[in-house]
Amino acid sequence: MARLLQAPPKFHPSEWDIAARMQCASTESLKSRSECMIAEGQRLLDEIEKTTQKTQSDVNKKLEQRQEEIKFWKQELSNSLEEVVHETELLLTFKTRLDKSLESCKEPLVIAQKCLLNRQRRVGIDLVHDEVEQELVKEVEILQGIIALLGRTLEQTDEQIRLNRSAKYNLEMDLKDKFTALMIDDYCTSLTNNTPDNRYTNNAARIEGNFVSPEDWIDFSNINVEKADKQRKNSLALRVLIDGILSQTANDIRKQCEMVNAAFRNRVKEVKDAKHKLEALLAMVMDETASQEKNIAALKQAIADKEGPIKVAQTRLEARNHRPNVEFCYDTAQYRLISEVEEITRNIQRLQDALAEAETELKALSRQQLSLEEEIQVKENTLYIDEVLCMQMRESVNINNF
């Protein structure tokens, strides 16, 4: 209890003065440090504010520059897309031309093949490998070659259209991404420090693994444009090729068609001329046959007419053979009767020989007439095949430039 009631220690006045001076010094030092810190804080505030404003201004410029870059490539992609779309539409029209041209070749080919088949029905000597058949075979070969060429060109066109559409798809996807990026950067540019939508976002400054460099970004769009431009040029070259093929094939078909038609006309003329000559020969043979028939009739009549005189002469000789005794004399009358019989017999034999020759000749004329009639029928059959079946069928062939 005695210690608890002990009075606190007393300080010396000098200690009190020292303590007071120390408090004053400490306060002055703290004030000085505080003033320095305030000045430094104000300087730092000014510096950071200027840096923040400068950085934000620089970011705004970078965003604007980025917007211009995106707009530039967006325009490049849009122009390239427009060109590819236009080129694809043109190529589609050329594909339609190819389809029509290919379809139009089928009828001439069928007609040429039918002509060859019909001409196999020619008979006899007219079943000849003539100029018409040679030109028809050539026409079939040309048409088959053209159909194969157009088919390959059509396949090439379909593949080019696919490549054009692939390039178009890549451009559209790139344009879609550019449009989205531009929308985002437009939104970013519109933001200010007072925008209500501003908010804190955790890990906003992180770098994702799918980020690409600006060079890669430019290369990506540039490659898409270059690929599209390459396909557009390829498509243009293909259109030029198709135009040349369509023009050349139409000319080739038209030229060969005219060659076949000319060969048909010449052949028909030749057959008609041959038929007319045969008809003239037939008319001559028939006239000669009629004359020979008259000759045979005259010979037969002459032989018949000799029956009377020879009978008379033979009857006379028979009667004179019954003269009695010395009257059975070989007199002049008897001599002339015997001479008459012999003469008439010789003449009848000559007439019969002439008749046999005439009948033989008549048979030869009949055979010739039959041969000429058969040959005329052969020519008529050939004319029917060439002029009626083939030439009229070929009139429906119409070669167009597609």
Side-chain angles (χ1 to χ4, degrees), residues 89-162 235-275 378-402:
E89 290 174 352
L90 291 176
L91 192 57
L92 285 170
T93 62
F94 275 70
K95 180 179 182 294
T96 302
R97 291 174 60 190
L98 277 173
D99 287 330
K100 290 181 178 179
S101 180
L102 185 59
E103 187 65 27
S104 71
C105 290
K106 295 179 181 178
E107 183 184 5
L109 178 60
V110 170
I111 288 175
Q113 291 172 333
K114 283 184 177 179
C115 287
L116 285 171
L117 188 61
N118 286 335
R119 296 188 95 243
Q120 292 300 319
R121 293 160 52 190
R122 292 173 297 164
V123 295
I125 193 63
D126 276 22
L127 189 58
V128 60
H129 186 63
D130 54 11
E131 183 185 0
V132 175
E133 187 164 345
Q134 294 171 9
E135 293 297 338
L136 278 172
V137 170
K138 184 177 178 181
E139 184 176 46
V140 169
E141 292 174 351
I142 288 174
L143 285 168
Q144 288 175 339
I146 287 174
I147 288 173
L149 174 61
L150 292 177
R152 292 193 300 270
T153 307
L154 192 58
E155 291 176 358
Q156 187 178 354
T157 303
D158 287 334
E159 176 61 16
Q160 187 59 56
I161 290 172
R162 186 192 69 79
S235 180
L236 176 60
L238 181 59
R239 284 197 295 113
V240 173
L241 177 63
I242 292 172
D243 198 51
I245 288 175
L246 291 176
S247 177
Q248 185 61 47
T249 53
N251 289 336
D252 290 345
I253 295 173
R254 190 179 294 109
K255 180 180 178 181
Q256 184 58 32
C257 182
E258 182 54 36
M259 291 288 290
V260 173
N261 292 341
F264 262 117
R265 288 192 294 269
N266 293 336
R267 187 58 179 166
V268 167
K269 184 178 182 302
E270 289 176 356
V271 175
K272 283 184 176 180
D273 290 343
K275 178 174 174 287
V378 168
K379 296 295 183 286
E380 288 176 348
N381 177 67
T382 300
L383 286 173
Y384 175 73
I385 291 172
D386 284 353
E387 191 171 25
V388 178
L389 294 182
C390 294
M391 292 186 71
Q392 289 186 6
M393 182 168 52
R394 291 184 65 83
E395 289 178 358
S396 63
V397 176
N398 188 20
I399 310 301
N400 296 318
N401 285 329
F402 290 102

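Applying the salt bridge (charged side-chain N to carboxylate O under 4.0 Å, His left out) test to K275 and every residue at least two apart in sequence or in another chain returns E279. In this view, R254 and A250, N251, I399, N401 satisfy the side-chain contact (heavy atoms from CB on, under 4.5 Å) rule, not counting sequence neighbours. Evaluation of the salt bridge (charged side-chain N to carboxylate O under 4.0 Å, His left out) rule for K255 yields no partner, not counting sequence neighbours.
When the shell of 6.0 Å around CE of M391 is examined, it contains more than 12 heavy atoms from other residues, nucleotides or ligands. Heavy-atom contacts from other residues, nucleotides or ligands closer than 6.0 Å to CG of L241 number more than 12.
Taking CG from N400 and CG from L246, the interatomic distance works out to 12.0 Å, rounded to the nearest 0.5 Å. The CG atom of L117 lies 11.0 Å from the CG atom of L389; values are rounded to the nearest 0.5 Å. The line from CE of M393 to CD of E395 is 11.0 Å long, rounded to the nearest 0.5 Å. For the atom pair OG (S235) and CD1 (I161), the distance works out to 7.5 Å, reported to the nearest 0.5 Å. For the atom pair CG (L92) and CG (L98), the distance works out to 11.5 Å, reported to the nearest 0.5 Å.
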- Show the numbers, then the answer: is there a side-chain contact (heavy atoms from CB on, under 4.5 Å) between D243 and S247? CA-CA 6 Å; D243 198 51; S247 177; 5.8 Å; no
- Message: Could you go through D252 and Q248, starting from their C-alpha distance and side-chain angles, then the distance that decides it, and tell me whether this counts as side-chain hydrogen bond (donor to acceptor under 3.5 Å, both in side chains)?
- Response: CA-CA 6 Å; D252 290 345; Q248 185 61 47; 2.9 Å; yes
- Let me see the working for D158 and R162 under salt bridge (charged side-chain N to carboxylate O under 4.0 Å, His left out), right down to the final yes or no. CA-CA 6 Å; D158 287 334; R162 186 192 69 79; over 6 Å; no
- Query: Between V268 and K272, does a side-chain contact (heavy atoms from CB on, under 4.5 Å) hold up when you go through it step by step?
  - Reply: CA-CA 6 Å; V268 167; K272 283 184 176 180; 3.7 Å; yes
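Remark: R97 is positioned above the aromatic ring of F94, its terminal NZ or CZ atom under 6.0 angstrom from the ring centre and at most 45 degrees off the axis.
Looking only at side-chain heavy atoms (C-beta outward), V271 and E387 stay at 4.5 Å or farther from each other. Annotation: side chain of V397 is not in contact with side chain of I253 (no heavy-atom distance under 4.5 Å). A 4.5 Å side-chain heavy-atom check between K95 and D99 finds at least one atom pair inside the cut-off.
Contact detail for L91 and Q160: the closest heavy-atom pair is CD2-CG, 3.7 Å.
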Mind listing the side-chain donor-acceptor pairs of residues 134-150 below 3.5 Å, one per line with the distance, residues two or more places apart or on another chain?
from : atom 1 : to   : atom 2 : distance (Å)
E135 : OE1    : Q256 : NE2    : 2.8
E139 : OE1    : R394 : NH1    : 3.0
E139 : OE1    : R394 : NH2    : 3.4
E139 : OE2    : R394 : NH2    : 2.9

Atom pairs and distances, side-chain donor-acceptor, residues 100-107, under 3.5 Å, sequence neighbours left out:
from : atom 1 : to   : atom 2 : distance (Å)
E103 : OE1    : K106 : NZ     : 3.2
S104 : OG     : K100 : O      : 3.4
S104 : OG     : S101 : O      : 2.7

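Judged as a salt bridge (Lys or Arg N to Asp or Glu O under 4.0 Å), the pairs with a partner in residues 112-129 (not counting sequence neighbours) are, in order, R119-D130, R119-D386, R122-D130, R122-E133, D126-K379.
Between R152 and E155, no side-chain nitrogen of the basic residue sits less than 4.0 Å from a carboxylate oxygen of the acidic one, so the salt-bridge criterion is not met.
In this structure a side-chain-to-backbone donor-acceptor pair under 3.5 Å is present from T93 to L90.
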